[in-house]
Structures are given as C-alpha cells and as structure tokens.
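Counting starts at 1 for both ligands and their atoms, in listed order. Excluded from the calculations below are hydrogen atoms, water molecules and symmetry mates; all remaining heavy atoms, backbone and side chain alike, are included. Position 1 is the first residue of the sequence; numbering continues from there. Owing to the predicted nature of the structure, the values given are computational and were not obtained by experimental measurement.
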Amino acid sequence: MKITFLGTGTSTGVPEIGCHCEVCRSRDPRDRRLRTSVLVETDGKRILLDCGPDFRWQMLKQGIEQLDAVLLSHEHYDHVSGLDDLRPFLYHHALKIYAEEDVVEAIRTRLPYAFREHLYPGVPQLNLQAVGLEAFDAAGIRVQPIRVMHGQLPILGFRIGAMAYLTDLKTLPESSYAHLKDLDILVLDALRHDSRHFSHEGVSEALQQIERIRPKRTYLIHMSHKIGLHRIVAEALPANVFLAYDGLEVQPV
Ligand SMILES: [Zn+2]
Ligand SMILES: [Zn+2]
Ligand SMILES: [Zn+2]
C-alpha cells in the first residue's frame, strides 16, 4: 500500500488569499497546502479520498491518469467541488463515487446538469453510490466507514487495511474506536495550534486522540496557516506524529 498526500490544507488552502503572515509568505514548499485529499494505492487499485477544488491540479502534478474509486467524507466544498473535473477519468472507465446518502443528495442538488434525464453532451456521468456505516468494497478493496463528528455534523472517515483517514474531525463517538485498532497509519485532522475551533481538532486534541487510538504513525492534515511554520511545528511533535505535506508519500510498515 502507498499513501500519497495530494493536499493537506484547510478549506482556504495555504497561503490564504490576502494574508501576509510568515506561513503564507514562507518559501518552504511544505508550507504551501492545497485542499485536503489523499490517494491510496493498494492491490493495483487507486482510491481517491475526497475530491476538492484543487483536484485537477493534484492529478496533473502527481501524473495520475487512472482512478478506480472515489470516497467522499462529506459535502463541504473543499471535499467535493472537484467532481466535475473527474470527466477525463470517466471516458473509458466506470468509476464509482461512494458517500453517505445525504452527501449523494447534496451533490445531485449542486450539479443538477449531471443528473437530468436528457444529458447535455460531455457532462460528467457520476456514478454515485450511497453507503452507510457497514463495510463495503470499492473497486474490490474493502473499506470500513467510520463515524466522525465534524462539530455537530456526522460525516465519514474511512479505514482501508491498516490505514485510516479521519478528516474534518472534532470528536469521535465511542463506537468508532472499535474500527481504529492496530493501525499502521492514521491520517488525522489538526487545523491549527489552538483547540478553540467548533468543528476541527487543534494539535493538542489530535495528540489526545493519538494517545487513545495508538497507531504506529500519525500524519496530520487539513491545516490552516495558523498551524505555524512546518519546520518548527514538526520538530515539536512526538516521534511517531508528523505533519503531512503536499506530495508526501508513505507506506505502512
Ligand atoms: Zn497567513
Ligand atoms: Zn468540512
Ligand atoms: Zn474540510
């Protein structure tokens, strides 16, 4: 299995438009964050986790020409607004997109032209598949959905093999921890340094989750410019916790 971090930024991305803080001005490429998305490659299949506004550029940048399934965590713009750009992947290949029922409905409402009875030529033919909390197969790969609370909004995280992807997380219901045992790699939301945000963990909350879940390694994602400079923040983290950055590739051990 290989995990590629296509984007590690929050909904505004980093740098943030109009901001001149030291992070937004940084020349370290690790401080430049596209919107959060991860590619999981396993058993010859490529599964995309979330498909945000930077999706097209993320595919071009990484040279990705084939996808086998897309999993969506929730309906927010920074996780679904790249769906129309899936078109080149749909020409030769029936790609399925998995999300919860309410997310499927939200996508149908937002992209009505893709779901009319008489389709305008060239619109994306999105094959949306509603899933619940039961494990399912995406392109033959077993996926375990995990309930995540994004503030008051219930959304999905996903476990594939010994990795789990938990983005946009503030808390986890007790029942979710059963699916998070024996992880090699946890990919976990940590928006910024302080923990006062209503729907995202800060770094100290993320570290508490890590203490409870006990994965071998954790990579933090969905960061805003308020996380601080990568070089400095990364040094202060425990040995098995890392700040992810765009383009980073990791493999379970
Ligand atoms: Zn800034
Ligand atoms: Zn969100
Ligand atoms: Zn988000």
Metal site the Zn ion (ligand 3): N/O/S of His79 inside 2.8 Å
yes
Identified side chain to side chain contact (heavy atoms under 4.5 Å, CB included) counterpart of His230 within the set Arg33, Glu235, Met223:
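The passing option is Arg33.
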So, for His200 and His197, is the gap between ring centers shorter than 6.0 Å?
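Ring centres of His197 and His200 closer than 6.0 Å.
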By atom name, which N, O or S atom belonging to [X] lies closest to the Zn ion (ligand 2)?
X      : answer
His76  : ND1
His74  : NE2
His150 : NE2

Keeping the roles fixed (side chain from Ser176, backbone from Arg147), state whether a donor-acceptor pair exists under 3.5 Å.
yes
Check: Asp246 side chain, Thr8 main-chain N or O, donor-acceptor pair, under 3.5 Å
yes
What N/O/S atom of Asp168 is the closest to the Zn ion (ligand 3)?
OD2
Write the atom name of the N, O or S atom in Asp78 that is nearest the Zn ion (ligand 3).
OD2
Measure up the His74 and His79 rings against each other and bin them: parallel (under 30°), tilted (30 to 60°), perpendicular (over 60°).
tilted
When you measure from the Zn ion (ligand 1) to each N, O or S atom of His225, which atom gives the shortest distance?
ND1
At the Zn ion (ligand 1): angle between Cys21 atom SG and Cys19 atom SG, to 10 degrees
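Output for this angle: 110°, rounded to tens.
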Taking both backbone and side-chain atoms into account, decide whether His20 has an N/O/S atom under 2.8 Å from the Zn ion (ligand 1).
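His20 does not place any N, O or S atom closer than 2.8 Å to the Zn ion (ligand 1).
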Report yes if the side chains of Phe5 and Val187 come closer than 4.5 Å at any heavy-atom pair, otherwise no.
yes
Counting heavy atoms not belonging to His179, are there more than 12 under 6.0 Å from its NE2?
yes
